Amino acid sequence: MDSNKSFNEKCYSLLMQIPRGKVVTYADIAHQLGGKAYQAVGNAMASNPTPIVVPCHRVVNSNGAIGKFALGTAKKIALLKEEGILINEDKDHAKIVNLNKQRHTF
DNA sequence: ATGTTGACATGTA
DNA sequence: GTACATGCCAACA
């Protein structure tokens with residue numbers, strides 16, 4: 001049966017709950033969905049029909065890394081910085097600073 | 001740190 | 001409809 005909201009819609013709902021200046025990990029989202037579909041979540045983001053509207057750029061890896069982004073990792077970093085997220089720019093090793101502190105809790 | 005295994009949605013054959 | 005491959009990953013050895 002097709003659920004009311006597709007998997008991708010659920011992910012977007014959670015994403016839109018994230019206030020500016022906060023970030024979440026794929027594991028957190030997957031956990032909120034009641035499973036461990038980390039990559040499924042990421043895939044849903046990749047299929048993101050409305051970027052920016054859905055802050056998919058506020059989602060980072062569990063280890064604090066930026067991960068990838070449909071519009072480009074650099075774009076993601078730039079957006080996060082613009083949003084006020086502190087990122088450790090080390091050459092090409094961009095990582096979230098104090099992830100646990102900037103991590104948003106649902 | 002590296003490699004392998006695990007879990008889930010989507011697309012293609 | 002079943003099977004295989006891929007993907008903005010994570011946990012474990």
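Keep in mind that the numbers below use all heavy atoms, side chains included, and drop hydrogens, waters and symmetry copies. In this text the structure is predicted, and so the values were computed from the model without any measurement. Every chain is numbered from 1, with letters handed out A, B, ... down the list of sequences.
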Requested in this report: Go through the steps to decide whether A:E89 and A:K95 satisfy the test salt bridge (charged side-chain N to carboxylate O under 4.0 Å, His left out), and finish with yes or no.
Outcome: CA-CA 7 Å; A:E89 290 183 275; A:K95 266 188 22 186; over 6 Å; no
Query raised in the report: Heavy atoms under 4.0 Å, any strand shown: does A:A40 hit a base, just sugar-phosphate, or nothing?
Result: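 It contacts base atoms.
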Requested in this report: Determine whether more than 12 heavy atoms belonging to other residues, nucleotides or ligands lie under 6.0 Å from atom NE2 of A:H31.
Outcome: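 For A:H31, atom NE2 is not crowded (no more than 12 foreign heavy atoms under 6.0 Å).
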[X] has an atom [atom1]; how far is it from atom [atom2] of [N], in whole Å?
{"X": "A:F7", "N": "C:dC9", "atom1": "CZ", "atom2": "P", "value": "14 Å"}
{"X": "A:H31", "N": "C:dC9", "atom1": "NE2", "atom2": "C1'", "value": "15 Å"}
{"X": "A:L33", "N": "C:dA10", "atom1": "CG", "atom2": "P", "value": "14 Å"}
{"X": "A:M45", "N": "B:dC8", "atom1": "CE", "atom2": "P", "value": "17 Å"}
{"X": "A:D28", "N": "C:dC9", "atom1": "CG", "atom2": "C1'", "value": "13 Å"}
{"X": "A:Q39", "N": "B:dT4", "atom1": "CD", "atom2": "C1'", "value": "14 Å"}
{"X": "A:N48", "N": "B:dA9", "atom1": "CG", "atom2": "P", "value": "18 Å"}
{"X": "A:N61", "N": "C:dA11", "atom1": "CG", "atom2": "P", "value": "11 Å"}

Heavy-atom closest contact ([X] atom, [Y] atom, distance):
{"X": "A:R20", "Y": "A:G84", "result": "NH2-N, 4.2 Å"}
{"X": "A:I18", "Y": "A:V23", "result": "CG2-N, 4.3 Å"}
{"X": "A:C56", "Y": "A:F69", "result": "SG-CE1, 3.8 Å"}
{"X": "A:K81", "Y": "A:I87", "result": "CG-CD1, 3.9 Å"}

Requested in this report: Treat each ILVMFWY residue as a node, draw an edge where side-chain heavy atoms are under 4.5 Å apart, and state whether A:V60 and A:M45 are in one component.
Outcome: no
Query raised in the report: OP1 or OP2 of C:dA11 sitting under 4.0 Å from any side-chain N/O of A:S62?
Result: yes
Query raised in the report: Quick one: is B:dA9 close enough that its OP1 or OP2 comes under 4.0 Å of any side-chain N or O from A:N8?
Result: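 For A:N8, the contact criterion (side-chain N or O under 4.0 Å from OP1 or OP2 of B:dA9) is not met.
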Requested in this report: Return the 5'-most residue of the pair A:N43, A:Y38 with respect to DNA chain B, ranking by each residue's nearest nucleotide.
Outcome: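 Looking at DNA chain B, the more 5' nearest nucleotide goes with A:Y38.
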Query - Strand DNA chain B in bracket notation, Watson-Crick/G-U under 3.5 Å with | for pairs to another chain - result: .|||||.||||||
